[in-house]
Protein chains: 2
Amino acid sequence: MTSVTLAQVAQRAGVSTATVSMVLRNRGRISPATRERVLKALDETGYVYNQTAANLRNRSSNQVGLLLHDITNPFYAEMTAGLSHEMERHELLLFLANSEESEDRQQKFVDSLMRNSACGMVLCAARATPASFFAALKRRNIPAIMVVRPLSDPDFDFVGTDNFLGAQMATTHLIQLGHRNIAFIGGGANSGTRAQRVGGFTSTLLENDLTPVPEWIVMAQASQIDGAKAAASLLSRYPQITAAVCYQDIVALGVMQALRAAGRKPGQDFALVGFDDITEAALVQPALTTVSVAAKEIGRKAGELLYSRIQGNDEPPKRIILPPALVIRESCGGPRAGVDR
Amino acid sequence: MTSVTLAQVAQRAGVSTATVSMVLRNRGRISPATRERVLKALDETGYVYNQTAANLRNRSSNQVGLLLHDITNPFYAEMTAGLSHEMERHELLLFLANSEESEDRQQKFVDSLMRNSACGMVLCAARATPASFFAALKRRNIPAIMVVRPLSDPDFDFVGTDNFLGAQMATTHLIQLGHRNIAFIGGGANSGTRAQRVGGFTSTLLENDLTPVPEWIVMAQASQIDGAKAAASLLSRYPQITAAVCYQDIVALGVMQALRAAGRKPGQDFALVGFDDITEAALVQPALTTVSVAAKEIGRKAGELLYSRIQGNDEPPKRIILPPALVIRESCGGPRAGVDR
DNA sequence: TTGTACGCGTTATCAA
DNA sequence: TTGATAACGCGTACAA
């Protein structure tokens with residue numbers, strides 16, 4: 001399995017390695033006759049380009065990294081698909097790693113990318129990432145796009161969704177349906193995304209002359225069980241609440257459970273809006289009205305931006321905020337929505 | 001951003017590059033004193049190992065590829081997580097690509113891996129992959145593990161699940177619950193996986209003195225909508241059917257929809273078993289009884305095997321078939337299952 | 001178009 | 001026993 005080298009191809013074609021290299025990359029001026037001879041030699045020898053040698057010489061590679069905390073989360077899987085597609089379009093290879101929220105794994109991955117001369121990366125940083133991590137990253141001077149989790153550092157490119165607007169849309173929808181006592185359920189501490197959604201929620205209440213009630217804004221882990229618990233406790237204490245914006249669809253599903261357990265009917269005497277538009281949202285009964293955040297599009301945009309950075313685009317850092325969309329289904333009452341997706 | 005080289009570190013430590021290299025990789029005999037000096041110099045200079053140079057020299061890399069058709073499918077996302085975890089354990093980097101069932105993209109990815117001297121790959125080949133693809137792969141002589149989709153070629157390692165057994169378990173479960181008119185819904189033509197599941201289904205019927213009805217074995221794309229359509233058409237024609245084994249959970253979810261639209265109640269007057277145990281299966285109402293194929297475990301096993309091949313394990317090709325498990329929930333009636341997962 | 005120095009870590013060979 | 005020397009892997013880019 002001795003691999004063919006450029007030199008061998010060159011010898012066979014009776015030209016220099018420089019010529020072969022230029023033919024391979026369509027650079028410089030090569031006469032059609034020579035090119036023909038080279039192509040023939042390439043074909044005959046079954047030459048395989050050695051990207052490693054090229055990378056060494058170029059001090060860079062065609063490889064980019066993607067760091068997530070959990071590819072198993074449908075949202076991130078979608079995003080990955082969008083990014084992957086974009087990378088393939090540009091002949092870039094995509095490294096994938098799951099941090100599982102461990103700073104350690106995250107750091108290891110980034111170090112690994114550096115050792116391999118990756119030409120860029122897309123990061124959804126672990127929740128507890130220290131500032132030093134970002135500082136070090138800046139010093140590396142390698143294109144890095146942050147995604148999904150809002151980052152206060154203005155020196156990084158960011159692609160995410162407009163959580164504030166999304167929450168506004170959800171809240172407005174509920175208010176327009178006549179609700180006045182609206183809760184916000186879900187999300188954990190230290191979540192910038194949650195902060196933004198809560199912000200959109202409360203500001204919309206205020207705009208509509210409603211006073212936010214702090215006790216009606218509660219946290220819940222990203223699970224159905226936890227959403228149900230949070231809702232049960234909340235609703236038993238404040239039965240006057242008639243609607244809720246949920247931090248995530250999965251939490252909303254839990255809230256539905258709690259409602260039923262309390263003898264209330266989601267979609268009839270209680271209105272519910274979720275966030276994410278996960279597959280299940282369309283499946284439950286009543287189908288969940290939710291804010292869709294276009295995961296695939298985030299991946300695509302991040303890929304696009306990263307590519308332009310790799311190409312040398314040195315405009316100031318960008319923040320690409322994708323507009324969310326309210327997908328109206330049945331969980332707030334009203335007529336059944338038509339087919340969606 | 002002039003990067004530090006081994007030579008610079010060596011100079012600073014007053015040793016040769018060979019010594020530094022040996023210290024870095026814990027090879028050869030180095031006196032503690034020298035090692036100390038080298039480590040100090042490494043630290044002081046902020047040296048970053050150049051994996052590319054090492055790869056060039058070694059004619060190989062620490063990078064492996066994973067080819068799927070669709071990372072968006074929860075099953076593959078799980079598998080990816082398992083593989084990714086295993087790769088990180090061994091300090092290997094994972095390239096990800098989605099073929100989207102295109103042979104062309106698939107071929108491009110593999111070519112790309114070759115150019116980059118990847119040290120191995122895990123493939124879930126596109127459905128219409130020609131034999132020539134596999135033949136060429138063999139010639140490359142690079143460790144390659146096939147996953148999930150059954151492959152007749154005995155020259156490749158394979159990790160997958162026992163589809164036949166899984167379908168038998170699902171079917172037996174339905175028969176034990178008293179069902180006699182059972183359908184099989186889902187899967188497409190040219191699917192080896194489907195063939196195995198249908199095989200397990202029909203053989204179990206026969207073992208129980210039931211006659212398979214060909215018209216009750218229908219295809220459906222891997223989507224909820226398509227599952228619903230297939231089921232609607234089937235059930236309107238054969239209302240005597242009281243249970244179904246579904247090719248995938250996602251199809252089962254569609255079938256549930258169709259049942260409701262037809263005024264029937266999944267879990268009460270119709271029993272449903274799915275395949276895959278995707279997250280949604282536990283969330284829908286009624287929660288879906290399904291055959292779990294341990295996607296994460298497939299990824300892990302594939303990673304383990306691949307690593308051993310990379311290490312030089314040249315035993316004959318292996319076929320690792322993981323046992324499926326029936327996860328009983330509510331969609332076949334009976335008492336509510338307890339907590340699962 | 002060509003000749004060739006260069007990018008940088010690895011390892012076989014050899015010296016102390 | 002410990003460490004140095006130098007050839008090597010292979011594509012790239014610039015001077016000629």
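In what follows, every chain begins at residue 1, and chains take the letters A, B, ... in the order their sequences are listed.
Under the side-chain hydrogen bond (donor to acceptor under 3.5 Å, both in side chains) test applied with His69(A), the options Arg127(A), Gln106(A), Arg149(A), Glu100(A) reduce to a single match, Arg149(A). Checking each of Ile145(A), Leu67(A), Val110(A) against Met121(A) for a side chain to side chain contact (heavy atoms under 4.5 Å, CB included) leaves exactly one that passes, namely Val110(A). Tested against Val38(B), the residues Asp43(B), Val23(B), Ile30(B) include a single side chain to side chain contact (heavy atoms under 4.5 Å, CB included) partner, Val23(B).
When the P atom of dT10(C) is taken as reference, atom CG of Asn62(B) falls 12 Å away, rounded to whole Å. Gln8(B) has its CD atom 8 Å from the P atom of dC8(C), to the nearest Å.
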Would you list the protein and nucleotides 14-16 of chain C atom pairs, both N or O, that sit under 3.5 Å from each other?
none

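Atom OG of Ser84(B) is separated from atom CG of Asn98(A) by 4.5 Å, given to the nearest 0.5 angstrom.
Note on Thr52(A): every side-chain N or O is 4.0 Å or more away from OP1 and OP2 of dG9(D).
Nucleic acid contact for Val15(A): sugar-phosphate only, since backbone atoms but no base atoms lie under 4.0 Å from a heavy atom of the residue.
Side chains of Val122(A) and Val64(A) form no contact here, defined as non-hydrogen atoms less than 4.5 Å apart. You'll find the side chain of Met146(B) stays beyond 4.5 Å of the side chain of Val159(B), heavy atoms only. Side chains of Asp157(B) and Arg309(B) form a contact here, defined as non-hydrogen atoms less than 4.5 Å apart.
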When every nucleotide of nucleotides 10-16 of chain D is labelled 5' to 3' by its protein contacts under 4.0 Å (heavy atoms), B for base, S for sugar-phosphate only, - for none, what sequence of letters results?
BBBB---
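Defined by atom type and a distance below 3.5 Å, a donor-acceptor pair is present between the side-chain atoms of Arg35(B) and Asn26(B). A donor-acceptor contact closer than 3.5 angstrom links the side chains of His85(B) and Arg105(A). Side chains of Thr34(B) and Ser31(B): a donor on one and an acceptor on the other come within 3.5 Å.
Stretches of at least 3 consecutive Watson-Crick or G-U wobble pairs, with each checked distance under 3.5 Å, appear in DNA chain D as C:1-16 with D:1-16.
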